[in-house]
**Student:** 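The structure's right below; bear with me while I get my questions together.
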Amino acid sequence: MIVPANPENIDRAASLLRAGQLVSFPTETVYGLGADARNREAVAKVFAAKQRPIGHPLIVHLADAAALGNWARAIPAGAQALADAFWPGPLTLILPRAAAVPDVVTGGQDSVGLRVPGHPVAHALLERFAALGGEGVAAPSANRFGRVSATTAQHVAEDFGTEVALILDGGACRHGIESTIVAFTGPEPELLRLGAIGVEALARVLGREPRIAGSDAPRAPGTLATHYAPQTRARLLPRDDLLAALAHMGRSTGHIAVLAHSVAQPALFEGTWFDAPARGHAYAHELYANLRALDARAADEIWIETPPDGPEWSAVRDRLRRATHRG
Ligand code: TXA
Ligand code: MG
């Protein structure tokens, strides 16, 4: 059930979480599907609802960085510096886990993902949850496994219907793309997922760019080749290829749904056309809503104009590569 994120409903949501129920809540990145991170049965419900394979770890959301020591057994200086710089905010730190963290949360790994979200509703919910004796809320993005993340309460309801006790409606998420993930589990900080915080911003705090994770990195579904994917077959087309394909469209091309940010809709085009913002942050803000809406048109194919190069677009390029990957 979708309810407005007012203080009364936030109280109710915190109580439901403490009672082992699932609650969806807005963050500044995407909506989360939350469960009491200390309650194994509650966390198991998240995996069942998402149809997410067991073994894929969840991020634990905290009201305050001061609680970090309850979850991590070591906090390297670089991690502390990033936490100081970016929390509350769209950053997730992977740290060596404390002994008491349930295996179902960490996927059995020796590390745990932690984030202090900056969204006022998420923050109020976590504070209320802590006041009721809770310690952390395990929350993946509130979408079915492998699918497009949810950036509005309506998206969450589309994916989960009645499986979630409550959906707190805080409007559309500001960033619209998931948190940046940096792991401090080896000799060097490692970037596991591009996100709302860019590599340059991390480098300013760390003194240098984090290593980009290789294939030996801890398992993270956000880093699977096919992810964030619409049901409809989607293709990336550089501007010139898109123009050429549009010029050669015929009856046999079928219903095409286009997401363009620089190409204008041709006068005789008969499919579905979405104009996306030409700036990276604005594009990211609408990306998942656009992919969901394009998917809902049940076109034969989705054609997406390849986003520009440049750091402002790197997280968007990453998500679109995965959304269009076939394999
Ligand atoms: O912006 C976000 O991070 C959102 C909001 C709700 O906070 N959450 C999110 O969760 O995107 P999820 O589960 O969809 O993606 C979290 C990623 C996954 O790829 C997961 O494998 C990775 O974080 N992760 C979590 N704990 C990890 C760990 N201990 N080691 C490696 N990767 C981990
Ligand atoms: Mg996700």
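Hydrogens, waters and symmetry mates are skipped; everything else that's a heavy atom, side chains included, is used. By convention here, the first residue in the shown sequence is residue 1. We count ligands from 1, going down the list as the structure has it; atoms in each ligand are counted the same way.
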**Student:** Determine whether a donor-acceptor pair (N or O, by modelled atom type, separation under 3.5 Å) exists between the side chain of Lys50 and the backbone of Ser141.
**Tutor:**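 Confirmed, Lys50 side chain pairs with Ser141 backbone.
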**Student:** With nothing but distance in play, are any N or O atoms of Thr106 less than 3.5 Å from an N or O of ligand 1?
**Tutor:**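 In this structure, Thr106 places no N or O atom under 3.5 Å from an N or O of ligand 1.
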**Student:** Mind checking whether Arg97 has a heavy atom under 4.0 Å from ligand 1?
**Tutor:**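 Per 4.0 Å heavy-atom rule, Arg97 does not contact ligand 1.
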**Student:** If you measure every N or O of Glu178 against every N or O of ligand 1, does any of those distances drop under 3.5 Å?
**Tutor:**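 For ligand 1, there is no N or O atom that lies under 3.5 Å from one belonging to Glu178.
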**Student:** For the pair His285 (side chain) and Cys173 (backbone), establish whether a donor and an acceptor sit closer than 3.5 Å, ignoring hydrogens and angles.
**Tutor:**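 Yes, His285 side chain to Cys173 backbone: donor-acceptor pair under 3.5 Å.
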**Student:** By the definition side-chain hydrogen bond (donor to acceptor under 3.5 Å, both in side chains), identify the one residue from Asp159, Thr151, Asn143 that meets it with Arg292.
**Tutor:**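 Exactly one option meets the side-chain hydrogen bond (donor to acceptor under 3.5 Å, both in side chains) with Arg292, and it is Asp159.
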**Student:** Please work out, at 4.0 Å between heavy atoms, whether the side chain, the backbone, both, or neither of His119 comes within that distance of ligand 1.
**Tutor:**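 Neither; no heavy atom under 4.0 Å.
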**Student:** Against heavy atoms of Arg52, which atoms of ligand 1 measure under 4.0 Å?
**Tutor:**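 Here the atoms of ligand 1 in question are 12 (P), 13 (O), 14 (O).
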**Student:** Strictly distance-based, threshold 3.5 Å: is any side-chain N or O of Tyr288 a donor or acceptor partner for the main-chain N or O of Thr152?
**Tutor:**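 Side chain of Tyr288 to backbone of Thr152, a donor-acceptor pair under 3.5 Å: no, none is there.
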**Student:** Nearest non-hydrogen contact with atom 2 (C) of ligand 1 belongs to which option: Ser149, Cys173, Ser179, Ala213?
**Tutor:**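 Checking each option, the heavy atom nearest atom 2 (C) of ligand 1 is found in Ser179.
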**Student:** Which atoms of ligand 1 are found less than 4.0 Å from any heavy atom of Gly32?
**Tutor:**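 The atoms of ligand 1 under 4.0 Å from a heavy atom of Gly32 are 6 (C).
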**Student:** Using a heavy-atom cut-off of under 4.0 Å, does the side chain or the backbone of Leu58 touch ligand 1, or both, or neither?
**Tutor:**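 The backbone, only.
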**Student:** Going by the angle between their ring planes, with limits at 30° and 60°, are His56 and Phe145 parallel, tilted or perpendicular?
**Tutor:**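 Answer is tilted, since the angle falls between 30° and 60°.
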**Student:** What about His56: any of its N or O atoms under 3.5 Å from an N or O on ligand 1?
**Tutor:**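 No, there is no polar N/O contact under 3.5 Å.
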**Student:** By number and element, which atoms of ligand 1 are closer than 4.0 Å to a non-hydrogen atom of Ser111?
**Tutor:**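 So the atoms of ligand 1 that pass are 28 (C), 29 (N), 30 (N).
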**Student:** On the six-membered ring of Trp71, is Arg115 placed so that its NZ or CZ lies under 6.0 angstrom from the centre and within 45° of the ring axis?
**Tutor:**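 No, a cation-pi geometry is absent between Arg115 and Trp71.
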**Student:** Would one find an N or O of Arg193, backbone or side chain, under 3.5 Å from an N or O of ligand 1?
**Tutor:**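 Indeed, backbone or side chain, Arg193 has an N or O that close.
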**Student:** Please tabulate, for the side chains in residues 271-280, all donor-acceptor contacts under 3.5 angstrom to protein atoms that are two or more places apart in sequence or on a different chain.
**Tutor:**
from: Thr272; atom 1: OG1; to: His255; atom 2: NE2; distance (Å): 2.9
from: Trp273; atom 1: NE1; to: Asp275; atom 2: OD1; distance (Å): 3.0
from: Arg279; atom 1: NE; to: Glu312; atom 2: OE2; distance (Å): 3.4

**Student:** Can you tell me if Arg319 uses its side chain to pair, donor with acceptor, with the backbone of Leu194 under 3.5 Å?
**Tutor:**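 Indeed, once roles are kept as given, a pair shorter than 3.5 Å links the two residues.
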**Student:** Below 4.0 angstrom from a heavy atom of Thr29, which ligand 1 atoms are there? Numbered from 1 as shown, please.
**Tutor:**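 Atoms satisfying the 4.0 Å criterion: 1 (O), 2 (C), 4 (C), 5 (C).
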**Student:** Counting only nitrogen or oxygen atoms and a 3.5 angstrom limit, does His61 reach ligand 1?
**Tutor:**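 For ligand 1, there is an N or O atom that lies under 3.5 Å from one belonging to His61.
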**Student:** Measure the spacing between CZ of Arg128 and CG of Asp11 and express it to the nearest 0.5 Å.
**Tutor:**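 Going from CZ on Arg128 over to CG on Asp11, the span is 4.5 Å.
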**Student:** Please report, to 0.1 Å, the donor-acceptor pairs under 3.5 Å made by any side chain of residues 85-97, with sequence neighbours excluded.
**Tutor:**
from: Trp87; atom 1: NE1; to: Leu91; atom 2: O; distance (Å): 2.9
from: Thr92; atom 1: OG1; to: Ser179; atom 2: OG; distance (Å): 2.8
from: Arg97; atom 1: NH1; to: Asp103; atom 2: OD1; distance (Å): 2.8
from: Arg97; atom 1: NH1; to: Thr106; atom 2: OG1; distance (Å): 3.1
from: Arg97; atom 1: NH1; to: Gln109; atom 2: O; distance (Å): 2.9
from: Arg97; atom 1: NH2; to: Val101; atom 2: O; distance (Å): 2.4
from: Arg97; atom 1: NH2; to: Asp103; atom 2: OD1; distance (Å): 3.1

**Student:** Could you label the plane-to-plane angle of the His261 and Trp313 rings as parallel, tilted or perpendicular, counting under 30° as parallel and over 60° as perpendicular?
**Tutor:**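 Tilted.
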**Student:** Do any of the N, O or S atoms of Ser141 sit under 2.8 Å from the Mg ion (ligand 2)?
**Tutor:**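 Of the N, O and S atoms in Ser141, at least one lies under 2.8 Å from the Mg ion (ligand 2), which means yes.
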**Student:** Would you check the N or O atoms of Lys50, main chain and side chain alike, for any that come under 3.5 Å of an N or O of ligand 1?
**Tutor:**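 N/O-N/O distance under 3.5 Å: no.
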**Student:** When you measure from the heavy atoms of Ile94 to every atom of ligand 1, does any distance fall below 4.0 Å?
**Tutor:**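 Judged by the 4.0 Å heavy-atom criterion, Ile94 does count as contacting ligand 1.
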**Student:** Answer with side chain, backbone, both or neither: which part of Leu192 has a heavy atom less than 4.0 angstrom from an atom of ligand 1?
**Tutor:**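 The part of Leu192 near ligand 1 is the side chain, not the backbone.
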